[in-house]
Protein chains: 2
Amino acid sequence: MTYSEENYLKAIYHLSLFQKKGVNTNAIAKMIDSKASSVTDMIKKLAEKNLVEYQKYQGVSLTAEGLLEAKMIVRKHRLWEVFLVEKLDFSWDEVHDVAEELEHINSEKLINKLDAFLGFPTEDPHGDPIPNAKGEIKKMDKKLLSELKLNQKSICVGVKDSSSNFLKYLDKQQIALGSTIEIIEKESFDASLIVLVNGNEMNISNKIASNLYVKTV
Amino acid sequence: MTYSEENYLKAIYHLSLFQKKGVNTNAIAKMIDSKASSVTDMIKKLAEKNLVEYQKYQGVSLTAEGLLEAKMIVRKHRLWEVFLVEKLDFSWDEVHDVAEELEHINSEKLINKLDAFLGFPTEDPHGDPIPNAKGEIKKMDKKLLSELKLNQKSICVGVKDSSSNFLKYLDKQQIALGSTIEIIEKESFDASLIVLVNGNEMNISNKIASNLYVKTV
DNA sequence: ATATATTTTTAGGCAAATCTAAAAATAAAT
DNA sequence: ATTTATTTTTAGATTTGCCTAAAAATATAT
């Protein structure tokens with residue numbers, strides 16, 4: 001598979017997590033940062049190879065084979081992210097672009113050895129699940145902080161938005177994966193929250209709370 | 001720089017270590033496994049970018065800029081090889097192809113962090129020198145085993161041929177980097193040697209001895 | 001239900017990297 | 001020094017992945 005084919009599969013995979021029907025040509029174009037016509041071309045090629053199911057004008061979906069391929073790319077991406085953070089001291093907002101390149105390195109032995117070296121992690125530095133060698137994904141029951149009940153103790157387990165901007169904000173506020181979080185007051189006017197993060201009281205906007213995943217404890 | 005451009009630079013670099021004049025079009029074609037006409041095309045492109053010096057029919061050589069680029073690719077290749085062997089338990093005959101892909105990953109931060117993680121190694125698993133971040137290469141005074149004097153104690157510091165075949169042969173004979181080697185007899189008829197490797201007597205053909213680097217002690 | 005807007009596809013082209021085959025330059029050999 | 005052989009370059013095609021612009025299909029709105 002080419003670099004480009006892999007990127008398309010990955011994009012379709014990510015989009016299909018939110019869209020149960022076929023994934024739109026335009027949505028793919030936006031994610032890949034290309035044009036709808038290019039997407040149509042590539043989709044035809046992927047359909048030829050039996051990696052996607054494609055009906056003209058009806059969007060695409062991954063075949064079983066395509067899904068597995070996509071998961072393997074995601075697996076590689078996230079394992080490399082763990083490597084960068086745990087072993088090479090990258091911060092969680094720096095890993096994405098490099099992992100975007102590393103995910104295309106093609107060696108099963110490499111990725112499985114890396115997996116073992118890292119201790120078979122199940123989540124990446126942003127709390128996203130890492131598919132295992134068979135493509136199985138352990139899903140965690142997490143919820144958005146904005147959906148958490150008052151006075152319910154929880155711990156931070158992931159982010160929805162993993163943009164560098166947001167991650168740096170969290171660093172500044174000393175919010176990290178594993179931080180304990182509890183809502184002690186909800187402001188109905190702007191839906192902002194007063195929370196305890198590791199015991200420290202702070203104010204958090206709704207936008208932040210809508211991008212932080214927590215697990216109740 | 002594209003993947004392909006990097007491969008050409010690397011090929012020219014390796015060939016120019018043996019050939020002090022301009023490197024031949026045909027030699028490059030053979031190394032890259034392509035055709036002379038393709039090489040001519042690419043060379044023109046690299047000359048445009050000031051990475052090589054090129055005169056029609058006279059071969060190519062690297063400019064200062066091209067040389068540094070080439071060394072950085074070699075640096076990446078060899079650092080990844082160390083990583084694969086030291087951290088992921090690859091054997092020395094398995095690393096080349098994967099490193100061939102990894103060497104194109106483009107992140108200075110990554111490679112310098114990796115370098116530090118590995119403890120700033122100066123040689124790769126085959127005994128080849130690793131350029132440092134400035135492109136400096138610490139050269140070791142090594143010689144071929146075939147050039148070693150009788151009864152001169154030495155240690156194995158590298159291989160000239162790093163084909164999987166040869167490396168597996170060395171594994172089988174329990175010859176590795178760091179093994180002590182001493183010639184105790186030279187057979188003039190076929191130039192084969194009787195040697196002590198870590199104290200064990202064994203017979204070694206001239207071809208083997210001409211592909212093993214040693215350092216006298 | 002028809003007109004309007006949006007999305008998707010087709011048609012035709014472009015740039016990069018490669019190739020084959022022929023021509024030009026250089027090297028080797030008698 | 002010519003001829004012969006080899007190497008290198010040019011010319012013209014091909015493939016991949018992308019593009020723009022126009023046409024076709026689908027969705028939306030009055």
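By convention in this document, chain letters (A, B, ...) are assigned in the order of the sequence lines, proteins followed by strands, and residues within each chain are numbered from 1.
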Measure from [atom1] on [X] to [atom2] on [N] and round the result to the nearest Å.
{"X": "B:K21", "N": "D:dT7", "atom1": "NZ", "atom2": "P", "result": "17 Å"}
{"X": "B:L46", "N": "C:dT18", "atom1": "CG", "atom2": "P", "result": "11 Å"}
{"X": "A:I28", "N": "C:dT8", "atom1": "CD1", "atom2": "C1'", "result": "12 Å"}
{"X": "A:N24", "N": "C:dT8", "atom1": "CG", "atom2": "C1'", "result": "10 Å"}
{"X": "A:E5", "N": "D:dC18", "atom1": "CD", "atom2": "C1'", "result": "14 Å"}

Identify, between A:V39 and B:T25, the residue whose nearest nucleotide on DNA chain D lies closer to the 5' end.
B:T25
Among [options], find the nucleotide with the atom closest to the side chain of [X].
{"X": "A:K44", "options": "D:dC18, D:dT9, C:dT10", "answer": "C:dT10"}
{"X": "B:Q58", "options": "D:dC19, C:dT8, C:dT26", "answer": "C:dT26"}
{"X": "A:A36", "options": "D:dT9, C:dT9, D:dC18", "answer": "C:dT9"}
{"X": "A:K35", "options": "D:dT20, C:dC19, D:dT9", "answer": "D:dT20"}
{"X": "B:M42", "options": "C:dT9, D:dT7, C:dT18", "answer": "C:dT18"}
{"X": "B:K56", "options": "D:dT9, C:dT18, C:dT20", "answer": "D:dT9"}

When you measure from the centre of the six-membered ring of A:F117, is the NZ or CZ of B:K87 under 6.0 Å away and within 45° of the axis?
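Negative - B:K87 is either too far from the ring of A:F117 or too far off its axis.
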Measure from NZ or CZ of B:K109 to the centre of the six-membered ring of A:F90 and say whether it is under 6.0 Å with the direction within 45° of the ring axis.
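Pair B:K109/A:F90 counts as cation-pi.
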Option passing salt bridge (charged side-chain N to carboxylate O under 4.0 Å, His left out) with A:K49 (candidates A:E65, A:E69, A:E5):
A:E5
Report yes if at least one side-chain N or O of [X] is closer than 4.0 Å to OP1 or OP2 of [N]; otherwise report no.
{"X": "A:T2", "N": "D:dT16", "value": "no"}
{"X": "B:S38", "N": "C:dT18", "value": "no"}
{"X": "A:N26", "N": "C:dT8", "value": "yes"}

Check every strand shown and say whether [X] touches a base, only sugar-phosphate, or nothing at a heavy-atom separation below 4.0 Å.
{"X": "B:Y54", "value": "sugar-phosphate"}
{"X": "A:D41", "value": "base"}
{"X": "A:Y8", "value": "sugar-phosphate"}
{"X": "B:S37", "value": "base"}
{"X": "A:S34", "value": "sugar-phosphate"}
{"X": "A:T40", "value": "base"}

Ring centroid separation A:H126 to A:H96 under 6.0 Å:
no
Would you please indicate if the ring centroids of A:F83 and B:F83 are separated by under 6.0 Å?
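Yes, the ring centres sit under 6.0 Å apart.
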Consider side-chain hydrogen bond (donor to acceptor under 3.5 Å, both in side chains). Of A:N132, A:D115, A:D124, which one does A:R75 pass it with?
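With A:R75 as partner, side-chain hydrogen bond (donor to acceptor under 3.5 Å, both in side chains) holds for just one option, A:D115.
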